[in-house]
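Here the structure is a predicted model, which is why all the values come from computation and not from measurement. This chain uses plain numbering: 1 for the first residue, then up along the sequence.
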Amino acid sequence: MRAAARLLGTVPFFAYVVIFLVIPTLVVVIGAFTGDGGFTLDNVTALGDSYILEAFGRSILLSAVTAIIGAVLGAVLAYVIATAKPGGPLRRLVTSAAGVLAQFGGVTLAFAFLATIGLSGFVTVFLRDHLGTDIYSGGVWLFELPGLMLVYTYFQIPLMVIVFLPALDGIKPQWREATESLGGSTWHYWTRVAGPLLAPAFLGSTLLLFANAFSAYATAAALVSQGAPIVPLQIRSALTSEVVLGQQNLGKAMALGMVVVVAVVMTLYAVLQKRTARWLG
């Protein structure tokens, strides 16, 4: 009875996991292998179609580019925060802002970019009227893959700050002092001590950013009104299209493909985090 009472507090958590994770995953998996006549491999086989492969390729490219840019810039910003005074106003301000901006996405973020650098955005109009510069002279790139890369990078950088800062805090000042006492330079410290220790954390954080961008939907859906350049928008098209009916299960097959990619990435992330915790825990 005591053991049951202790486990009672976990019931809401497990109920949440079952309702919002387990059941949707089962629906996707079962639907991917189901057709009008029952079990079928047609939906999974259709993932080899050129337009679906191109969508996966663009999604992977988008996620990889924004993850790398966000990881590098976010790591630099996190290092600046880590070297600042502990508990100082700079650290509190930046970490609070990073926590907010990392979750600032969806329709709100898309509208912010449209109002700033859209066709009639403040910055666009100012550059055109006062400096004679048209940022869209080569095409409206904001609504295409380059625009998505810019918008995604906006929330990737603060997310990197949040997930990488604890690793930087785990680096002990005594390690640098020991390096200097043995005649090592700053280069030796970063290449022989801090760099190898932070590498698993950095790579793991980059993988987390990749998964975050790969699974993002709301921002792209609000920004790209026509076409489906990435997989989440292809899934939306398959589920809601009034032109080509009966593609709901194809959408579930694409969702299954996304689940597989994210599962692989998050498995690698967990392995790297375990290695990081061994050194910096």
Side-chain angles (χ1 to χ4, degrees), residues 10 13-33 44 47 52-53 55-75 78 98-99 101-106 148-149 151-168 170 197-221 230-236 251-281:
T10 64
F13 169 76
F14 285 109
Y16 175 86
V17 170
V18 170
I19 295 173
F20 293 102
L21 182 61
V22 176
I23 293 178
T25 302
L26 291 176
V27 170
V28 166
V29 173
I30 295 173
F33 294 96
V44 178
L47 295 180
I52 296 180
L53 291 177
F56 269 97
R58 286 190 291 265
S59 292
I60 292 174
L61 176 63
L62 170 65
S63 304
V65 171
T66 58
I68 293 173
I69 296 176
V72 173
L73 298 181
L101 295 177
Q103 305 301 322
F104 184 67
L148 289 179
M149 289 181 180
V151 177
Y152 277 36
T153 303
Y154 180 87
F155 57 75
Q156 294 281 61
I157 295 175
L159 179 60
M160 181 64 180
V161 172
I162 294 174
V163 299
F164 191 61
L165 185 58
L168 289 171
L197 291 177
L198 291 173
F202 179 82
L203 294 176
S205 300
T206 304
L207 290 174
L208 182 63
L209 265 61
F210 179 93
N212 181 55
F214 189 76
S215 59
Y217 164 75
T219 302
I230 59 177
V231 179
L233 300 186
Q234 284 283 1
I235 296 174
R236 178 191 66 178
K252 294 176 182 177
M254 287 188 283
L256 177 60
M258 291 191 65
V259 170
V260 171
V261 172
V262 172
V264 171
V265 171
M266 295 310 296
T267 300
L268 295 174
Y269 169 74
V271 172
L272 291 171
Q273 284 295 100
K274 184 177 180 180
R275 182 179 179 87
T276 302
R278 189 193 322 169
W279 290 100
L280 302 177

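- Taking F13 as the reference, nothing meets the ring pair (Phe, Tyr, Trp, His ring centres under 6.0 Å) condition, with sequence neighbours excluded.
- Taking OG1 from T153 and CG from L159, the interatomic distance works out to 12.0 Å, rounded to the nearest 0.5 Å.
- Under the 30°/60° scheme for interplanar angles, the aromatic rings of F214 and F210 are found to lie parallel.
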Result block: side-chain N/O donor-acceptor pairs under 3.5 angstrom for residues 254-269, not counting sequence neighbours:
{"residue": "T267", "atom": "OG1", "partner": "A263", "partner atom": "O", "Å": "2.7"}

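- How far OG of S59 is from CG of L148: 9.5 Å, rounded to the nearest 0.5 Å.
- Shortest non-hydrogen contact noted between F164 and A78 is CD2-CB, 4.3 Å.
- Among residues two or more places apart in sequence or in another chain, the side chain to side chain contact (heavy atoms under 4.5 Å, CB included) test is passed with A253 by A32, N43, L47.
- In this structure F104 satisfies the side chain to side chain contact (heavy atoms under 4.5 Å, CB included) test together with T108, L109, A112, Y154, sequence neighbours excluded.
- Summarising the geometry of M160 relative to L209, their closest heavy-atom pair is CB-CD2, 4.0 Å, with the distance given to 0.1 Å.
- With hydrogens and angles disregarded, no donor-acceptor distance shorter than 3.5 Å links the side chain of T66 to the backbone of Y152.
- In this structure T25 satisfies the side chain to side chain contact (heavy atoms under 4.5 Å, CB included) test together with L21, V29, sequence neighbours excluded.
- Partners of L203 according to the side chain to side chain contact (heavy atoms under 4.5 Å, CB included) rule, which considers only residues two or more places apart in sequence or in another chain, are L272.
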